> 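Shown below is the structure under consideration.
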Amino acid sequence: MATGQSVNERIYMVIRQVPEGKVTTYGQISKIVGTASARQVGYALAAVREGMAVPWQRVVNSQGKVSLSGSEQQRLLEAEGIEFDAQGRIDLKRFGWSGPDDAWLEANGFDVTWFWSR
DNA sequence: CTTCTGACGAAAT
DNA sequence: CATTTCGCCAGAA
């Protein structure tokens, strides 16, 4: 594992891998990081400040909805090509990120075993 | 040093 | 479908 780094730092590393036009979920990030619960991912995002280069807007909840209702998160995603339905939800089948590739995981010290059950 | 408080998820009830 | 329970980080007061 990427030792010497805090849980939050590992969470940010993973989120930075999400490409524009795709979204990921709190649960998926927690599985990739391995040592973080979905709740901790939420804590980590709440601690993000400007200048950290973390595309926090690409992280939505398991229902495909943005966490910050009434904020600018949805507008930022629409600008990247993400579509929302009438209920304000994103179709994860179409816009969901499939995850980092094995090479990246291994190069950064993450456990690749989560791939076996994805 | 202690307490409080958040961008969440899955399973059980 | 709504509510409850647990998991257990990091910064502010």
Side-chain angles (χ1 to χ4, degrees):
Chain A
M1 269 302 219
T3 56
Q5 294 179 88
S6 68
V7 175
N8 281 10
E9 288 172 328
R10 291 204 296 277
I11 289 171
Y12 299 147
M13 285 174 73
V14 175
I15 296 177
R16 278 193 274 260
Q17 304 309 306
V18 184
E20 186 176 308
K22 292 287 183 182
V23 296
T24 187
T25 65
Y26 292 84
Q28 181 168 29
I29 293 169
S30 73
K31 285 176 188 166
I32 296 170
V33 173
T35 58
S37 64
R39 187 186 197 180
Q40 290 173 319
V41 175
Y43 290 152
L45 279 175
V48 171
R49 301 195 201 2
E50 289 191 41
M52 294 182 77
V54 176
W56 58 271
Q57 73 276 20
R58 298 185 190 136
V59 184
V60 302
N61 64 32
S62 65
Q63 298 160 55
K65 296 197 296 189
V66 296
S67 306
L68 305 177
S69 59
S71 75
E72 200 155 78
Q73 182 174 10
Q74 180 170 333
R75 200 187 68 68
L76 288 170
L77 291 176
E78 291 177 322
E80 296 185 354
I82 304 293
E83 292 169 27
F84 291 74
D85 65 20
Q87 297 158 57
R89 297 186 317 183
I90 296 169
D91 182 355
L92 296 177
K93 300 289 186 185
R94 296 175 56 200
F95 303 106
W97 179 46
S98 47
D101 50 52
D102 292 16
W104 185 88
L105 288 171
E106 296 201 50
N108 291 283
F110 284 90
D111 190 342
V112 189
T113 58
W114 81 276
F115 264 74
W116 302 342
S117 59
R118 68 175 168 176

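This one's a predicted model, so the numbers in the text were calculated from it and none came from an experiment. Note on naming: letters A, B, ... go to the chains in the order of the sequence lines (proteins, then strands), and numbering restarts at 1 for each one.
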> State whether the side chain of A/Gln73 and the backbone N or O of A/Gln57 hold a donor-acceptor pair below 3.5 Å, judged by distance alone.
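At least one qualifying donor-acceptor pair exists.
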
> What integer distance in Å separates A/Ile32:CD1 from B/dC8:P?
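In whole Å, B/dC8 P and A/Ile32 CD1 are 18 Å from each other.
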
> List the atom of A/Leu77, the atom of A/Ile90, and the distance in Å for their closest heavy-atom pair.
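That would be CD1-CD1, 4.0 Å.
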
> Record whether the side chain of A/Tyr43 comes under 3.5 Å of the base of B/dG6 through a donor-acceptor pair of N or O atoms.
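Pair found.
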
> For the pair A/Trp97 and A/Val59, evaluate side chain to side chain contact (heavy atoms under 4.5 Å, CB included) and give the outcome as yes or no after the intermediate values.
CA-CA 10 Å; A/Trp97 179 46; A/Val59 184; over 6 Å; no

> According to salt bridge (Lys or Arg N to Asp or Glu O under 4.0 Å), does anything in residues 12-30 of chain A pair up with another residue at least two apart or in another chain? List the pairs.
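Checked against salt bridge (Lys or Arg N to Asp or Glu O under 4.0 Å) - neighbours excluded - no pair reaches residues 12-30 of chain A.
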
> Any chance you could measure A/Ile15, atom CD1, to A/Ile29, atom CD1, to the nearest 0.5 Å?
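The CD1 atom of A/Ile15 sits 4.0 Å away from the CD1 atom of A/Ile29.
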
> What integer distance in Å separates A/Leu92:CG from B/dC8:P?
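Taking CG of A/Leu92 and P of B/dC8, I get 15 Å after rounding.
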
> Earliest and latest nucleotide of DNA chain C, 5' to 3', sitting under 4.0 Å from a non-hydrogen atom of chain A?
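Endpoints of the contacted stretch of DNA chain C: C/dG7 to C/dG11.
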
> When all nucleic acid strands are considered with a 4.0 Å heavy-atom cut-off, which category describes A/Arg49: base, sugar-phosphate, or nothing?
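Sugar-phosphate contact only - A/Arg49 comes under 4.0 Å of backbone atoms but never of a base.
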
> For a quick check of understanding: with a heavy-atom distance under 4.0 Å over all strands, which category does A/Ala47 fall into, base, sugar-phosphate or nothing?
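If one applies the 4.0 Å heavy-atom cut-off, A/Ala47 turns out to touch nothing in the nucleic acid.
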
> Start at the 5' end of DNA chain C and walk down; is the nucleotide closest to A/Ala38 or to A/Asn8 reached first?
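Whichever sits nearer the 5' end wins; that is A/Ala38.
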
> Under the salt bridge (Lys or Arg N to Asp or Glu O under 4.0 Å) rule, what pairs show up with a residue in residues 46-58 of chain A, not counting sequence neighbours?
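For residues 46-58 of chain A, and leaving out neighbouring residues, the salt bridge (Lys or Arg N to Asp or Glu O under 4.0 Å) pairs sorted by first residue read A/Arg58-A/Glu80.
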
> Taking for each residue the nucleotide of DNA chain C with the nearest heavy atom, is it A/Arg39 or A/Val7 whose nucleotide lies nearer the 5' end?
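The residue mapped nearer the 5' terminus is A/Arg39.
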
